Q: 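The following block contains the structure, expressed as structure tokens.
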There are 2 protein chains.
Amino acid sequence: MGANSKLTIAIHALVWAALNERQGSTYSTSEEIANSIKTNPVVVRRMMSDLTKAGLIESRRGAGWRLSVPAEKMTLWDINLALGPEETFALHRNEPSATCPVARGIRPALRSTFARVDEVVRQELARTTLADVFDETLSPSQN
Amino acid sequence: MGANSKLTIAIHALVWAALNERQGSTYSTSEEIANSIKTNPVVVRRMMSDLTKAGLIESRRGAGWRLSVPAEKMTLWDINLALGPEETFALHRNEPSATCPVARGIRPALRSTFARVDEVVRQELARTTLADVFDETLSPSQN
DNA sequence: ACCTTAAGTAACATTTAATGTTACTCTTTC
DNA sequence: GAAAGAGTAACATTAAATGTTACTTAAGGT
């Protein structure tokens, strides 16, 4: 499958939960969230389970989840890290030739190059909080 | 399939061609390159075709390809752009709910967030040249 | 205690993008 | 005009993401 939309789903779920809490509910359920995202509740539960393990939210069986970190303190990198971040670019799927000097040297060279890319992605995600996305999502220009 | 290794394949091919040219050959063929990468020649031709269209290399039927931009002037972003860059993070695969305010507002919010991420990736790739990767690939520590 | 609700999770199905492969046509060089 | 190798269409294969069903487990309310 193509690109990674896990982060999109997670942020959507968290913004939904944040709004739900702001409107007076304590817990949000996988069914409510799946409804907004238009996906299956199990997909939501699976993903929320990762966020729970990372301590970003807390679950209560029979009730749902609530944020355990304030939206202002939760960065998009925290969320992405909880989901198990993927590298922006992948190395070769198969080991390249063992006899060719280019093939032998290219992997370490690209590893360090791609690590720098991943680092700037990390920095950019760490700069944005869930509250930032929340505000932009619900800004008047969207209604 | 998982992550995007097209850029890896392209850089590998270009470093191979650069070395080949430095060693006196004018043209490099899809079979030679595929041999080093351990993939099918058609995969190489397909990808090289994109690089040709972008003007980074030039092809001659019956002979192969050669660089048309010096390795010092060709950035990894030029290469990635030629391949048709993918976005680092994808939005929802399916349209989310039309009635939920979160679902309606989240896409524009994420679009701008993810655009900033793509921009820092672009900047980082533009900072590294094919010559940089060439040198690191063939550096003594790799032999 | 019992019932209801909803999370947690295993197992399997489906979808889709990337990659691999075959086979053929088209240019260029010799 | 023969050989080499790019260009490309068409199809096969692989593998990851996502969707779905069905069941188990924990918590709260009656």
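Residue numbers start from 1 in every chain, and the chains themselves are labelled A, B, ... in the order their sequence lines are given, proteins ahead of strands. Treat the numbers as computed from the prediction; the structure is a model and nothing was measured.
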Q: In this structure, how many angstroms lie between the P atom of C:dT19 and the CD1 atom of B:Ile9, rounded?
A: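 These atoms are roughly 7 Å apart.
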Q: Check side chain to side chain donor-acceptor pair (under 3.5 Å) between A:Asp78 and all other residues, then give those that pass, not counting sequence neighbours.
A: A:Thr75
Q: Give me the atom names and distance for the closest heavy-atom approach of A:Glu87 to A:Asp118.
A: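 In this case the closest contact between A:Glu87 and A:Asp118 is CG-OD2, 3.3 Å.
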Q: For residues 121-129 of chain A, tabulate all N or O donor-acceptor pairs below 3.5 Å that involve a side-chain atom, not counting sequence neighbours.
A:
| from | atom 1 | to | atom 2 | distance (Å) |
| --- | --- | --- | --- | --- |
| A:Arg122 | NE | A:Glu119 | OE1 | 3.1 |
| A:Arg122 | NH2 | A:Glu119 | OE2 | 3.0 |
| A:Gln123 | NE2 | A:Glu119 | OE2 | 2.9 |
| A:Glu124 | OE1 | A:Arg127 | NH1 | 2.9 |
| A:Glu124 | OE2 | B:Arg116 | NE | 3.2 |
| A:Thr128 | OG1 | B:Arg116 | NH2 | 3.2 |
| A:Thr129 | OG1 | A:Ala131 | N | 3.3 |
| A:Thr129 | OG1 | A:Asp132 | N | 3.1 |
| A:Thr129 | OG1 | A:Asp132 | OD1 | 3.4 |
| A:Thr129 | OG1 | A:Asp132 | OD2 | 3.2 |

Q: Is there a donor-acceptor contact under 3.5 Å from the side chain of B:Asn80 to the main chain of B:Leu7?
A: no
Q: Calculate the interatomic distance between A:Lys38 atom NZ and D:dG19 atom C1'; express it in whole Å.
A: 15 Å
Q: OP1 or OP2 of C:dA7 less than 4.0 angstrom from a side-chain nitrogen or oxygen of A:Thr52, does that happen here?
A: no
Q: Return the nearest nucleotide to the side chain of B:Trp65; candidates are D:dA6, C:dA10, C:dT19.
A: D:dA6
Q: Over how many whole Å does the gap from A:Asp50 atom CG to C:dA7 atom P extend?
A: 15 Å
Q: Name all residues meeting the side chain to side chain contact (heavy atoms under 4.5 Å, CB included) criterion together with A:Leu81; count only those two or more places apart in sequence or in a different chain, and write none if there are none.
A: A:Trp77, A:Pro85
Q: For nucleotides 26-30 of chain D, list the nitrogen or oxygen atoms of the protein found under 3.5 Å from its nitrogen or oxygen atoms, one pair per line.
A:
| from | atom 1 | to | atom 2 | distance (Å) |
| --- | --- | --- | --- | --- |
| D:dA26 | O4' | A:Arg61 | NE | 3.3 |
| D:dG28 | OP1 | A:Arg60 | NH1 | 3.4 |

Q: Show me the side-chain donor-acceptor pairs of residues 11-26 of chain A shorter than 3.5 Å, one per line, residues at least two apart or across chains.
A:
| from | atom 1 | to | atom 2 | distance (Å) |
| --- | --- | --- | --- | --- |
| A:His12 | ND1 | B:His92 | NE2 | 2.8 |
| A:His12 | NE2 | A:Ser36 | OG | 2.8 |
| A:Asn20 | OD1 | A:Ser25 | OG | 3.2 |
| A:Asn20 | ND2 | A:Tyr27 | O | 3.2 |
| A:Asn20 | ND2 | A:Ser28 | OG | 2.9 |
| A:Glu21 | OE2 | A:Leu67 | N | 2.9 |

Q: If you round to the nearest 0.5 Å, how far is CG of B:Leu91 from OG1 of A:Thr8?
A: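 Going from OG1 on A:Thr8 over to CG on B:Leu91, the span is 5.0 Å.
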Q: To the nearest Å, how far apart are A:Glu86 CD and D:dA16 C1'?
A: 9 Å
Q: Could you tell me whether a side-chain N or O of B:Ser30 sits under 3.5 Å from a main-chain N or O of B:Arg45, the two making a donor and an acceptor?
A: no
Q: Return the CG to CG distance between B:Leu83 and B:Asn4, rounded to the nearest 0.5 Å.
A: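 The distance works out to 8.0 Å.
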Q: Rounded off to whole Å, could you give me the CZ-to-P distance for the A:Arg66 and C:dA6 pair?
A: 16 Å
Q: Please answer whether the main-chain N or O of B:Ala90 pairs with a side-chain N or O of A:Ser5 as donor and acceptor at a distance below 3.5 Å.
A: no
Q: Just the rounded figure in Å: distance from P of C:dA7 to CE of A:Met47.
A: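 Rounded to whole Å, this separation is 12 Å.
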Q: Output yes when at least one side-chain N/O atom of B:Thr39 is less than 4.0 Å from OP1 or OP2 of C:dG20, else no.
A: yes
Q: I want to check one thing: is the phosphate of D:dT18, taken as OP1 and OP2, less than 4.0 Å away from some side-chain N or O of A:Ser5?
A: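 Checking D:dT18 against A:Ser5, a side-chain N or O does come within under 4.0 Å of OP1 or OP2.
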Q: Within this structure, what is the CD1-to-P distance between A:Ile37 and D:dA17, rounded to whole angstrom?
A: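 After rounding, the reported distance stands at 17 Å.
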Q: Please give me every residue in residues 18-36 of chain A whose heavy atoms get under 4.0 Å of an atom in DNA chain C, ordered by residue number.
A: A:Ser28, A:Thr29, A:Ser30
Q: Would you say A:Ser59 reaches C:dG8's phosphate, i.e. side-chain N/O to OP1/OP2 under 4.0 Å?
A: yes
Q: Under 4.0 Å from OP1 or OP2 of D:dG19: is there any side-chain N or O of B:Asn94 that close?
A: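 It does, given that an N or O in the side chain of B:Asn94 lies less than 4.0 Å from OP1 or OP2 of D:dG19.
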Q: Using whole Å, what does the distance between atom P of nucleotide D:dG7 and atom CG of B:Asn40 come to?
A: 15 Å
Q: Ignoring backbone atoms, test whether A:Ser49 places a side-chain nitrogen or oxygen under 4.0 Å from the OP1 or OP2 oxygen of C:dA7.
A: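 Answer no for this pair, as no side-chain N or O of A:Ser49 is under 4.0 Å from OP1 or OP2.
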Q: Any idea which of D:dA6, D:dG19, D:dT21 is nearest the B:Arg45 side chain?
A: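 Of the options given, the side chain of B:Arg45 lies nearest D:dA6.
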